[in-house]
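Here is the structure we will look at.
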2 protein chains.
Amino acid sequence: MLSQKCKYALQALLILARQAGDELLLVSDIAERENLPKKFLEAILLELNRNGLVRSRRGRGGGYALAKPADLITFGQVVRIMDGPLAPLSCVSVNYYRKCDDCRDELTCEIRKVMRRVRDAVAHELDGTSLAQAVAEGRGRALLEG
Amino acid sequence: MLSQKCKYALQALLILARQAGDELLLVSDIAERENLPKKFLEAILLELNRNGLVRSRRGRGGGYALAKPADLITFGQVVRIMDGPLAPLSCVSVNYYRKCDDCRDELTCEIRKVMRRVRDAVAHELDGTSLAQAVAEGRGRALLEG
DNA sequence: GTATTTCCTATCGGTAAACCATGATATAAT
DNA sequence: ATTATATCATGGTTTACCGATAGGAAATAC
Ligand code: FES
Ligand code: FES
């Protein structure tokens, strides 16, 4: 299950993606629109900023915007930043691989084989969907990826 | 990520699945073979018993065995018992559905649409793989489901 | 009846999730 | 400059779960 944090991040990013232009949005505005806890959202956007998904300006007239076009930001990127590995087991993660402590042999482990397929299926969906696609889908348009 | 508990459960069940016959295996034996914490495994098998995946007999000569043929026990069943919903969000879970607190409209929610596909992909893999298939795959044989 | 083995309840330390409070720092308008 | 506005940084709180263990009750075989 996704953390609340991750869901909030996605909600915020989708709002920014719909904004399209370079206009900055306030944390307060985003929080209000989707009624998310403001302080928590602040921390989330900060983390997204550090990871290069959004950019910010502070002080009066400040706010947040996407750091790159919405079709270059995938759900997979967001989930990995917020919740870590997509894989159900560390030993099948490609971005956060770590050997299983208690498994004798990785190559013959049946659990691993199954979970490998699961992780691939998940990654296929999440890495294959961008913010742009999601908002397009939301508007009822069937756009293909570019 | 799967809990440790769930992984232990799968390891134990695969051992029981390989046992094939009606022979009972001791918790201690299973724990020793895969070096799992014995007391913890005890609790796990108990839970699997309550959920009808294994059967037990106690006292001298007791132990555990699968409650039904290994091709009728899927990874999906085990994971749901141990870790709950497969779905990344409760609102896309079919077995543990629960409405999203903070989302205005379920039908237009873009996040939901994406996560729905993820949950389906995961369920397809996990519900489509039985213990029997896993051990067969482990032996190098490419058996199809029956 | 005694040894064995599962069953049951309770507990415990550690860790992470979900927030909130407070203040520092940068920016823009006055 | 001053002030109002925002993000940035740090730290704390509360709650809940995860992994694991302890101690004993209940059932079964010999
Ligand atoms: S090697 Fe990772 S589960 Fe067996
Ligand atoms: S309705 Fe569940 S995420 Fe929006």
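When reading the values below, keep in mind they use all heavy atoms of this one structure, side chains included, and skip hydrogens, waters and symmetry mates. First the proteins, then the strands, lettered A, B, ... as listed; each starts at 1.
- Listed by chain and residue number, nothing satisfies the salt bridge (Lys or Arg N to Asp or Glu O under 4.0 Å) test with Arg50(A) (two or more places apart in sequence, or in another chain).
- If you measure from atom CZ of Arg50(A) to atom P of dT7(D), you get 14 Å, rounded to the nearest angstrom.
- Taking all atoms of both residues into account, the shortest heavy-atom contact from Val78(B) to Ala9(B) is CG1-CB, 4.1 Å.
- Remark: C1' of dT7(D) and CG of Leu25(A) are 14 Å apart, rounded to the nearest angstrom.
- With sequence neighbours excluded, the residues that form a side-chain contact (heavy atoms from CB on, under 4.5 Å) with Ala12(A) are Ile30(A), Leu41(A), Leu45(A).
- Under 4.0 Å is where a charged nitrogen must lie from a carboxylate oxygen, and between Lys113(B) and Glu110(B) no such pair does.
- Leu45(B) comes within 4.0 angstrom of no nucleic acid atom, judged by non-hydrogen atoms across all strands.
- Considering only residues two or more places apart in sequence or on other chains, Tyr96(A) meets the ring-ring contact (aromatic ring centres under 6.0 Å, His included) condition with none of them.
- Taking the ring-ring contact (aromatic ring centres under 6.0 Å, His included) definition, one finds that Tyr8(B) meets it with Phe40(B), sequence neighbours left out.
- Under the side-chain contact (heavy atoms from CB on, under 4.5 Å) criterion, Ser3(B) pairs with Lys5(B), Cys6(B), Asp83(B), not counting sequence neighbours.
- Annotation: ring-ring contact (aromatic ring centres under 6.0 Å, His included) contacts involving residues 46-83 of chain A, sequence neighbours excluded, are absent.
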Using a cut-off of 4.0 Å between protein heavy atoms and nucleotide atoms, how would you tag nucleotides 17-30 of chain D 5' to 3' with B, S and -? --SBBBBB-BBBSS
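- DNA chain D lies under 4.0 Å from no heavy atom of any residue of residues 90-101 of chain A.
- Considering only residues two or more places apart in sequence or on other chains, Asp120(A) meets the side-chain hydrogen bond (donor to acceptor under 3.5 Å, both in side chains) condition with Arg116(A).
- Think of the region where chain B sits on DNA chain C: with heavy atoms and a 4.0 Å cut, that region ends 5' and 3' at dA3(C) to dC8(C).
- A salt bridge links Glu125(B) with Arg117(A): at least one charged nitrogen is closer than 4.0 Å to a carboxylate oxygen.
- The existence of a salt bridge linking Arg112(B) and Glu106(B) is confirmed by a sub-4.0 Å separation between a basic side-chain nitrogen and an acidic carboxylate oxygen.
- Contacts of Arg55(A) with the nucleic acid, taken as non-hydrogen atoms under 4.0 Å apart, are absent.
- In this structure Asp101(B) satisfies the side-chain contact (heavy atoms from CB on, under 4.5 Å) test together with Arg98(B), sequence neighbours excluded.
- The two residues Leu131(A) and Ala17(A) make their nearest non-hydrogen contact at CB-CB, 4.1 Å.
- For the helix from dG1(C)-dC30(D) to dT30(C)-dA1(D), the rotation axes defined at the first and last 5 base pairs enclose an angle of 10°, given to the nearest 10°.
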